[in-house]
Amino acid sequence: MNVRIPDSANSRLDTALRSLDAAGTPTAEQHQRAAATLERIVATAPAADPTHPGAAAPVRRPRRRLLLIPVAAAALTAAAVVLPGGGDGGRAYASWTPVPTALTTAEIDTVAPACRKRLRGGSLDLERARLVLAERRGEHVALLYRTDDPDISGSCLARNLQGDDDVDDVDVGIGGSSGPALPAPARGFTQGAIADYRDASITDGAAGADVAGVTIHAGNLTVQASVSNGRYVAWWPGAALELDHDQPSGEGDARPIITYDLTLTDGTVVHDAQPTRPS
């Protein structure tokens, strides 16, 4: 049976071995000391995982805010992306507006190269991806790129003053599944990836043919999403996820803390609408 020795144990073994005299052939006493040290190290290996007898428990690392990607049950693979946190969100997004405005062609041409550069190298095929939504909220703009097969979204949040050619503070996230995208029902929607950036969040999904508007409630913020051609996207300066510390693992898993209202084409407003399935 192979025994995995943790890094901390390797460090202690290295220290113990260095304490021996390596100038000549080790004595019997030195061999005994080294063997005893190794036995103590193996004895302190990670505890076994009760769900997989004989397997070592994984090393627990502090969690940072992450990209939560719910995927369809039939999906073969999915990914999660850890994104860095920050503390300047209140100042950085002070110009944010709950209602978006569409980007002009000129603005898209200015911001898109920086977004595509950051997205390159990820799981989104940029040669096939379409720009499906582009919106402005104050000094920041959001672009959403997609492929439908496989079902993958690439979101980009960047700072670009209106009428300016400078683009900075570019953040991107990619999420989805290996299978084809599933359409939303006519009077419903699906919840796609939720990305938690530096003190800002962005999400997208599919909107049914009878859905005219999507409103997202995130804490004390109300956000009107951009909706076009069966997709919606929205971002806001605040959290979309929180850690659930009640999980059996004791570590806590991230869960969405946002709710949705739908406005249908006949004027009906569906409060606290539930996604029919992950997109």
Side-chain angles (χ1 to χ4, degrees), residues 64-72 75-86 88-89 92-93 100 102-162 164-182 190-206 225-226 228-237 240-241 254 278-279:
R64 291 188 292 171
R65 281 178 287 184
L66 52 83
L67 175 62
L68 176 67
I69 303 165
V71 295
L76 299 179
T77 61
V81 179
V82 175
L83 301 169
D88 61 351
Y93 304 117
L103 291 186
T104 65
T105 301
E107 288 174 323
I108 292 174
D109 290 342
T110 297
V111 178
C115 287
R116 294 179 67 88
K117 181 178 180 180
R118 288 293 307 275
L119 287 166
R120 197 168 301 280
S123 56
L124 178 68
D125 184 355
L126 285 176
E127 300 303 319
R128 298 175 48 237
R130 299 175 296 112
L131 177 64
V132 295
L133 286 169
E135 65 167 37
R136 173 181 292 280
R137 298 176 190 263
E139 297 178 357
H140 287 76
V141 300
L143 275 64
L144 180 68
Y145 293 89
R146 277 194 52 78
T147 59
D148 290 329
D149 189 5
D151 177 16
I152 297 180
S153 293
S155 59
C156 175
L157 183 63
R159 181 174 179 270
N160 168 248
L161 300 182
Q162 196 162 13
D164 199 324
D165 291 337
D166 291 335
V167 180
D168 55 21
D169 292 342
V170 181
D171 282 313
V172 300
I174 298 174
S177 73
S178 62
L182 299 175
T190 67
Q191 184 181 73
I194 302 173
D196 194 345
Y197 296 110
R198 293 191 302 261
D199 298 303
S201 301
I202 187 170
T203 188
D204 75 282
S226 294
S228 179
N229 297 321
R231 300 296 303 185
Y232 70 88
V233 69
W235 74 271
W236 59 95
L241 309 170
S279 65

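In this text, all values refer to a predicted model and were calculated from it rather than measured experimentally.
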Atom pair [atom1]/[atom2] of [X] and [Y] - distance to nearest 0.5 Å:
{"X": "L103", "Y": "L143", "atom1": "CG", "atom2": "CG", "result": "6.0 Å"}
{"X": "Q162", "Y": "T110", "atom1": "CD", "atom2": "OG1", "result": "11.5 Å"}
{"X": "S226", "Y": "R137", "atom1": "OG", "atom2": "CZ", "result": "5.5 Å"}
{"X": "E127", "Y": "T147", "atom1": "CD", "atom2": "OG1", "result": "12.5 Å"}
{"X": "L131", "Y": "I108", "atom1": "CG", "atom2": "CD1", "result": "5.5 Å"}
{"X": "S178", "Y": "D151", "atom1": "OG", "atom2": "CG", "result": "9.5 Å"}

Taking all non-hydrogen atoms of both residues into account, name the closest pair between [X] and [Y] and its distance.
{"X": "S177", "Y": "I152", "value": "O-CG1, 3.8 Å"}
{"X": "I202", "Y": "A142", "value": "CD1-CB, 4.0 Å"}
{"X": "E107", "Y": "T104", "value": "OE1-N, 2.9 Å"}
{"X": "H140", "Y": "A92", "value": "CE1-O, 3.1 Å"}
{"X": "A114", "Y": "V167", "value": "CB-CG1, 3.8 Å"}
{"X": "L119", "Y": "S155", "value": "CD2-O, 4.2 Å"}

Polar side-chain atom of [X] near backbone of [Y] as donor-acceptor pair, under 3.5 Å:
{"X": "R136", "Y": "N160", "result": "yes"}
{"X": "R118", "Y": "V170", "result": "yes"}
{"X": "R120", "Y": "L126", "result": "no"}
{"X": "Y232", "Y": "T203", "result": "no"}
{"X": "R128", "Y": "D149", "result": "yes"}

request  = Report the C-alpha separation of D166 and L161 in whole Å, then their side-chain angles, then the decisive distance to 0.1 Å, and conclude whether the side chain to side chain contact (heavy atoms under 4.5 Å, CB included) test is met.
outcome  = CA-CA 7 Å; D166 291 335; L161 300 182; over 6 Å; no

message = So Y93 and L157, do their side chains get closer than 4.5 Å, heavy atoms only?
response =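 Yes, side chains in contact.
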
task = Could you tell me whether D168 atom CG has more than 12 heavy atoms of other residues or ligands within 6.0 Å of it?
result =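 Enclosed: over 12 neighbouring heavy atoms sit under 6.0 Å from CG of D168.
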
task = Taking atom types as modelled, find out whether S153 and D204 have a side-chain donor-acceptor pair closer than 3.5 angstrom.
result =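 Indeed, the side chains of S153 and D204 share at least one donor-acceptor pair under 3.5 Å.
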
